[in-house]
Enquirer: 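Pasting a structure here, questions to come.
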Amino acid sequence: MKVALFIPCYIDQFYPQVGIATLQLLEKLGCDVSFPLEQSCCGQPMANSGFASLSKGCDINFVKNFSGFDYIVAPSGSCVLHIKEHLKAELHLEEVSRIRNNIYELSEFLTDVLKVKKLNARFPFKVGLHNSCHGQRGLHLSSMTETMLPAFSKPEQLLNMVKDIQLSNPKRNDECCGFGGTFCVFEEAVSVKMGKDRVEEHDANSVDYITGGDTSCLMHLEGILKRQGSKVKIIHIAEILNSSL
Amino acid sequence: MKTTHSKLAEKFIADEPRTDWHDETLWFVREKRDKAAHGLPEWEQLREWASQIKNHTLSNLSDYLKEFEEKAKANGIIVHWAENGAEHNKIIHGIIQRHKIQKIVKSKSMLTEECHLNEYLQQYNIEVVDTDLGERIVQFRKEPPSHIVLPAIHLKKEDVSATFHEHLGTEKGNNDPQYLTEAARQHLRDKFVQSELAITGVNFAVAETGGFVVCTNEGNADMGAHTAAIHIACMGFEKIIPKAEHLGVFLRLLARSATGQPITTYSSHFQKPRPGQEMHIVIVDNGRSKQLSREDFRNSLKCIRCAACFNTCPVYRRSGGHSYHTAVAGPIGSILNPNLDMKANADLPFASTLCGSCTNVCPVKINIHEQLWKWRQVIAAEGYTDATKKIGMNAMAFLFSKPSLYRFAGKWGRWMMRIFPFVTNNKLNIWYKQREMPESPKESFRDWYLKNGKINRN
């Protein structure tokens, strides 16, 4: 199974440990993983700011890097959703549709494609799960409190395979953290208030870590936690699933 | 380059305890909605039916409107058509003038807010009393409603007490809700008894019967319409539904989505004027046909004004309704208002994290967050975004399409952040105002991969 690893730009630059954990985890589970070396950004920052028209260069570069693989996997729900919904390249229509259909967020790839039933991971801490909106509502990684459908959660299903982990959900289980791409600067006051409220709910559960499938949400929450001088740390779900503490 | 919404939101959030209270109150309503929806195993089916009925109606709108006009006229209702807010106001002013009326009451009409009817009539020294409790409170305070179902939700009982003390002479500092409601009740009774003309909104107009339904929890649409000699109902043309049997679908969805009630306390059906009464209906376009012609945004006309998207929106709950500076706030307002005035409302589609919760709660399945995304594209293409934002986006697009340049910039950027943290840790960096910057590692993932990845192992 030829898997291409897509490491979004901000993870590449600021959170390399998330990329490393993702790669090691996929290899442990028997995937033949390649990291196309000329990848950069999925184009989401421009598109969500109203400038999808400017993401042509990104789109073409993405297609160039990720053509010809069975699967493309990324540790970021929101970047995956962007590619799934908005990737365009007029000269490569067939490849574009292949990529859109074969790109997966890490936890859905593990549950739905690899059908992982067991992990040799141990993480003896109290962990709060943050459901990121694009993963949850966009990619349907877990059920949503607004809809009247049976409850499920792919990230939770995986975290429950980790030894000695203590999972705790915040009261408002699927409320947005307020990152929202460029929203976090253009609507700074609302963004920070939303983040503070999220952090407070996890704090109430006395967690050691907040985890999730989108490093962008975690980066925003981390910024707030650090400013508050909190002891709570953030960790990407790939790092927990790859952990053997 | 702060937008109007972000500036007003910042002002609202400056009072954090009040913001928390606003957020918690609306979340309580959202939870009530969840409970009510969970009580119906057929909830998702109802949403699907409602969406399809509205879809069908929007595709055959002129036929249903004509049918409604014909039936309504046969019932003895006088039907008027208004192309825009100004025409709507003029029609109502004309009726008031013709009858030389002084005492007017109004209930449940966001459309008259949209058309700025109160301000228009004030120019002619005509006063209209809003009779819904929340709307009366904001009217006293000369504020617009901040929510289409809970117009005074931004106010606490202390604020209401102070307002009533000033306008109704209630006891200063008496915050007892029962006492305050009773004072409003007595005051409004007088207004109802004296009224000569009643204006109401329309929740649903039925083409098949030529009648219409107004939903209220306080019964004041009934009170107004039953005492006054003249009843004017104002409706946006999208309020039409084909048949009376469809009411069952919408009435079950509306109250559950709005407040978590199984049904609104009063669903008042008006079919024809009572003997001696005059009944008018004003059917308003005001940009709706333009929205109907915008393929990507047509769906927004399915809205039944339940405000479930307001209550669930994490941004609305923190920024308050007035931050949206329009009659219809919240997520649905953010996709309706750019149609009315794209320049003035260019900020609204950006006042969202695109979390998608609004789309999930919408009882008629409007793809609200997708339309927000699409409006952003239209607004940027029409040149209504800030110039500096455009320059920044162009630079980013250039950088990301050249992988080697991206890596070069990333490497130097991280180096700068490590060696000279003040480059990012300063007042000009909006991120840093209330958040720390992420740590800047020496190695990118790619750097690590080149040393440790498969290419070296093989």
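Convention: sequence-line order gives letters A, B, ...; per-chain numbering from 1.
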Enquirer: Determine the minimum heavy-atom distance between B:E44 and A:M148, stating which atoms define it.
Expert: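 Residues B:E44 and A:M148, closest heavy atoms: OE2-N, 3.1 Å.
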Enquirer: Please report the shortest heavy-atom distance between B:T353 and A:G178, naming the atom on each side.
Expert: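 Heavy atoms of B:T353 and A:G178 come nearest at CG2-CA, 4.1 Å.
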Enquirer: Hey, mind stepping through B:K2 and A:E187 against salt bridge (Lys or Arg N to Asp or Glu O under 4.0 Å) and telling me if it holds?
Expert: CA-CA 8 Å; B:K2 280 184 187 165; A:E187 287 274 358; over 6 Å; no
Enquirer: Between A:E146 and B:R33, does any NZ, NE, NH1 or NH2 come within less than 4.0 Å of an OD or OE carboxylate oxygen?
Expert: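 No, no charged N to carboxylate O under 4.0 Å.
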Enquirer: With a 4.5 Å cut-off on side-chain heavy atoms, are A:S49 and B:R376 touching?
Expert: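 No, their side chains stay 4.5 Å or more apart.
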Enquirer: Which pair of heavy atoms, one from B:F400 and one from A:N61, lies closest together, and at what distance?
Expert: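 Minimum heavy-atom separation between B:F400 and A:N61: O-ND2, 4.3 Å.
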Enquirer: State whether B:D20 and A:K196 are salt-bridged, where the test is any N-O pair (Lys NZ or Arg NE/NH1/NH2 against Asp/Glu carboxylate O) under 4.0 Å.
Expert: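 Here B:D20 does not pair with A:K196 in a salt bridge, since their nearest N and O are not under 4.0 Å apart.
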Enquirer: Could you walk me through whether B:R30 and A:T145 pass the side-chain hydrogen bond (donor to acceptor under 3.5 Å, both in side chains) check?
Expert: CA-CA 10 Å; B:R30 154 73 211 272; A:T145 54; 2.7 Å; yes
Enquirer: Can a cation-pi geometry be assigned to B:K389 and A:F186, taking NZ or CZ under 6.0 Å from the six-membered ring centre and within 45° of the ring axis?
Expert: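 Positive - B:K389 is close enough to the ring of A:F186 and near enough to its axis.
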Enquirer: Report the option among A:V33, A:D59, A:I60, A:N65 that has the most heavy-atom pairs separated by less than 4.5 Å from atoms of chain B.
Expert: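 Maximum pair count with chain B is reached by A:V33.
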Enquirer: Please look at A:E175 and chain B and tell me whether the side chain, the backbone, both or neither of the residue comes under 4.5 angstrom of a heavy atom of that chain.
Expert: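 Answer is side chain: those atoms of A:E175 sit under 4.5 Å from chain B.
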Enquirer: For a quick check under 3.5 Å, do A:D12 and B:Y449 share a side-chain donor-acceptor pair by atom type?
Expert: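 A:D12 vs B:Y449: no donor-acceptor pair found between side chains.
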Enquirer: Side chain from CB out, backbone as N, CA, C, O: work out which of these in A:I224 comes under 4.5 Å of a heavy atom of chain B, or both, or neither.
Expert: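 Answer is both: backbone and side chain atoms of A:I224 are under 4.5 Å from chain B.
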Enquirer: Under 6.0 Å between ring centres, would you say that holds for A:Y15 and B:F445?
Expert: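 No, the ring centres sit 6.0 Å or more apart.
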Enquirer: Given a strict heavy-atom distance threshold of 4.5 Å, which part of A:C42 is in contact with chain B: side chain, backbone, both, or neither?
Expert: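 Nothing of A:C42, per the 4.5 Å heavy-atom cut-off to chain B.
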Enquirer: Of the backbone (N, CA, C, O) and the side chain (C-beta and beyond), which part of B:N394 lies under 4.5 Å from a heavy atom of chain A, both, or neither?
Expert: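 Contact with chain A is through both the backbone and side chain of B:N394.
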Enquirer: Please determine, by modelled atom types, if B:R407 and A:S40 share a side-chain donor-acceptor pair under 3.5 angstrom.
Expert: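 No, A:S40 and B:R407 have no side-chain donor paired with an acceptor closer than 3.5 Å.
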Enquirer: Given the rule in the side chain to side chain contact (heavy atoms under 4.5 Å, CB included) test, do A:M219 and B:W431 qualify, once you have shown the distances and angles that lead to the verdict?
Expert: CA-CA 11 Å; A:M219 174 170 73; B:W431 173 280; 4.2 Å; yes
Enquirer: Do B:E31 and A:R172 sit within salt-bridge range, that is, some charged N less than 4.0 Å from a carboxylate O?
Expert: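 Looking at A:R172 together with B:E31, the answer is no, because their closest N to O distance does not fall below 4.0 Å.
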Enquirer: Considering only heavy atoms, which portion of B:S352 lies under 4.5 Å from any heavy atom of chain A: side chain, backbone, both, or neither?
Expert: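 Just its backbone gets close to chain A.
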Enquirer: Answer with side chain, backbone, both or neither: which region of B:D23 has an atom nearer than 4.5 Å to a non-hydrogen atom of chain A?
Expert: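 Both parts, backbone and side chain.
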Enquirer: At a 4.5 Å cut-off on heavy atoms, which part of A:S132 comes close to chain B: side chain, backbone, both, or neither?
Expert: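 Neither; nothing under 4.5 Å.
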Enquirer: Are B:S6 and A:E188 packed together at the side-chain level, in the sense that at least one heavy-atom pair is separated by less than 4.5 angstrom?
Expert: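 Of all side-chain heavy-atom pairs linking A:E188 with B:S6, none is under 4.5 Å.
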Enquirer: So, are A:D197 and B:R317 salt-bridged, with charged N and O less than 4.0 Å apart?
Expert: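 The answer is no: the pair does not qualify as a salt bridge.
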Enquirer: Taking 4.0 angstrom as the limit, do B:K374 and A:E85 come out as a salt bridge?
Expert: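 No salt bridge links B:K374 with A:E85.
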Enquirer: Hey, could you give me the NZ/CZ distance between B:K390 and A:F51, rounded to the nearest 0.5 Å?
Expert: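 B:K390 atom NZ to A:F51 atom CZ measures 6.5 Å (nearest 0.5 Å).
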Enquirer: Show, in sequence, the C-alpha distance, side-chain angles and deciding distance for B:Q434 and A:K193, and conclude whether the side chain to side chain contact (heavy atoms under 4.5 Å, CB included) test is met.
Expert: CA-CA 10 Å; B:Q434 301 185 70; A:K193 179 64 185 143; over 6 Å; no
Enquirer: Taking all non-hydrogen atoms of both residues into account, name the closest pair between B:R435 and A:C184 and its distance.
Expert: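 Smallest interatomic distance, heavy atoms only, reads NH2-O, 2.8 Å.
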Enquirer: Which of the residues A:L149, A:V185, A:D174, A:D32 is involved in the greatest number of heavy-atom pairs with chain B at under 4.5 angstrom?
Expert: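 Among the listed options, the one with the most contacts to chain B is A:V185.
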Enquirer: What part of B:K433 lies closer than 4.5 angstrom to a heavy atom of chain A: side chain, backbone, both or neither?
Expert: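 For B:K433, the contact with chain A is made by backbone and side chain together.
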Enquirer: Select one option (side chain, backbone, both, neither) describing which atoms of A:R227 are under 4.5 Å from chain B's heavy atoms.
Expert: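 For A:R227, the contact with chain B is made by backbone and side chain together.
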Enquirer: Only pairs of heavy atoms separated by less than 4.5 Å count here; which of B:A14, B:A351, B:S440 has the most with chain A?
Expert: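 Highest number of pairs under 4.5 Å: B:A351.
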Enquirer: Counting heavy-atom pairs closer than 4.5 Å to chain B, which one of A:A47, A:G57, A:G181 comes out on top?
Expert: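 Most heavy-atom pairs within the cutoff with chain B belong to A:A47.
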Enquirer: Looking at B:R446 and A:F35, what are the two nearest heavy atoms and their distance?
Expert: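 The pair with the smallest heavy-atom distance is CG-CE2, 3.9 Å.
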Enquirer: In Å and rounded to the nearest 0.5 Å, what is the OG to CG distance from B:S401 to A:L54?
Expert: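 Going from the OG atom of B:S401 to the CG atom of A:L54 covers 10.0 Å.
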Enquirer: Whether the A:Q13 and B:R414 side chains hold a donor-acceptor pair (N or O, under 3.5 Å, no angle test) is what I'd like checked.
Expert: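 Per modelled atom types, A:Q13 and B:R414 side chains form a pair under 3.5 Å.
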Enquirer: If you check every heavy atom in residues 69-83 of chain A against those of chain B, which residues fall under 4.5 Å?
Expert: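 Listed by number: none.
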Enquirer: For the backbone of A:M194 and the side chain of B:R318, can you confirm whether one donor and one acceptor N or O come within less than 3.5 Å of each other?
Expert: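 No: the side chain of B:R318 does not pair with the backbone of A:M194.
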Enquirer: Under a 4.5 Å heavy-atom cut-off, does chain B meet the side chain of A:L5, its backbone, both or neither?
Expert: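 Looking at A:L5, just its side chain touches chain B.
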Enquirer: Report which part of B:E382 has an atom under 4.5 Å of a heavy atom belonging to chain A: side chain, backbone, both, or neither.
Expert: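 Neither part.
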Enquirer: For residues A:F14 and B:P438, determine if any side-chain heavy atom of one lies less than 4.5 Å from a side-chain heavy atom of the other.
Expert: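 Touching, per the 4.5 Å side-chain cut-off.
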Enquirer: Counting heavy-atom pairs under 4.5 Å with chain A, which one of B:E443, B:R47, B:E439 comes out on top?
Expert: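 With the most close heavy-atom pairs to chain A, the winner is B:E439.
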Enquirer: How far apart are the closest heavy atoms of A:A52 and B:W373, and which atoms are they?
Expert: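 Here A:A52 and B:W373 meet closest at CB-CH2, 4.0 Å.
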Enquirer: If you count heavy-atom pairs under 4.5 Å between each of A:S55, A:G50, A:C133 and chain B, which one has the most?
Expert: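 Of A:S55, A:G50, A:C133, A:G50 has the most heavy-atom pairs under 4.5 Å with chain B.
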Enquirer: Which bit of B:H5 is near chain A, if near means a heavy-atom gap under 4.5 Å: side chain, backbone, both or neither?
Expert: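 Both parts, backbone and side chain.
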Enquirer: Once rounded to the nearest 0.5 Å, what's the spacing between atom CG of A:N48 and atom CD of B:Q377?
Expert: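 These two atoms lie 8.0 Å from each other.
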Enquirer: Do the side chains of B:P403 and A:Q39 get nearer than 4.5 Å, heavy atoms only?
Expert: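 Heavy-atom side-chain distance check fails, nothing below 4.5 Å.
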Enquirer: Do B:F12 and A:V190 have side chains that approach each other closer than 4.5 Å (heavy atoms only, starting at C-beta)?
Expert: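 The answer is no, as the side chains (C-beta and beyond) never meet within the 4.5 Å cut-off.
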Enquirer: When rounded to the nearest 0.5 angstrom, what is the spacing between CD1 in B:I13 and OG in A:S191?
Expert: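 So the gap between those two atoms works out to 9.5 Å.
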Enquirer: Below 4.5 Å, heavy atoms only, C-beta onward: do B:N452 and A:I20 meet side chain to side chain?
Expert: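 Heavy-atom side-chain distance check fails, nothing below 4.5 Å.
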Enquirer: For B:K365, does the NZ atom sit with more than 12 other heavy atoms under 6.0 Å from it, leaving out its own atoms?
Expert: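 Yes, enclosed.
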Enquirer: Measure distances from B:W27 to the heavy atoms of chain A and classify the residue's part below 4.5 Å as side chain, backbone, both or neither.
Expert: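 The side chain, not the backbone.
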Enquirer: Drop me the distance from B:S444's OG to A:I7's CD1, to the nearest 0.5 angstrom.
Expert: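 CD1 of A:I7 is found 11.0 Å from OG of B:S444.
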Enquirer: Output the option from A:Q17, A:Q24, A:H220, A:E222 having the highest count of non-hydrogen pairs under 4.5 Å with chain B.
Expert: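 Highest number of heavy-atom pairs under 4.5 Å: A:H220.
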Enquirer: Run the numbers on B:V361 and A:T147 for side chain to side chain contact (heavy atoms under 4.5 Å, CB included), then give the verdict.
Expert: CA-CA 7 Å; B:V361 294; A:T147 57; over 6 Å; no
Enquirer: From B:E436 CD over to A:Q228 CD, what is the distance, rounded to the nearest 0.5 angstrom?
Expert: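 Spacing of CD (B:E436) from CD (A:Q228) equals 11.0 Å.
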Enquirer: For B:S357, which atoms come within 4.5 Å of any heavy atom of chain A: side chain, backbone, both, or neither?
Expert: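 It is both, since atoms from each part get that close.
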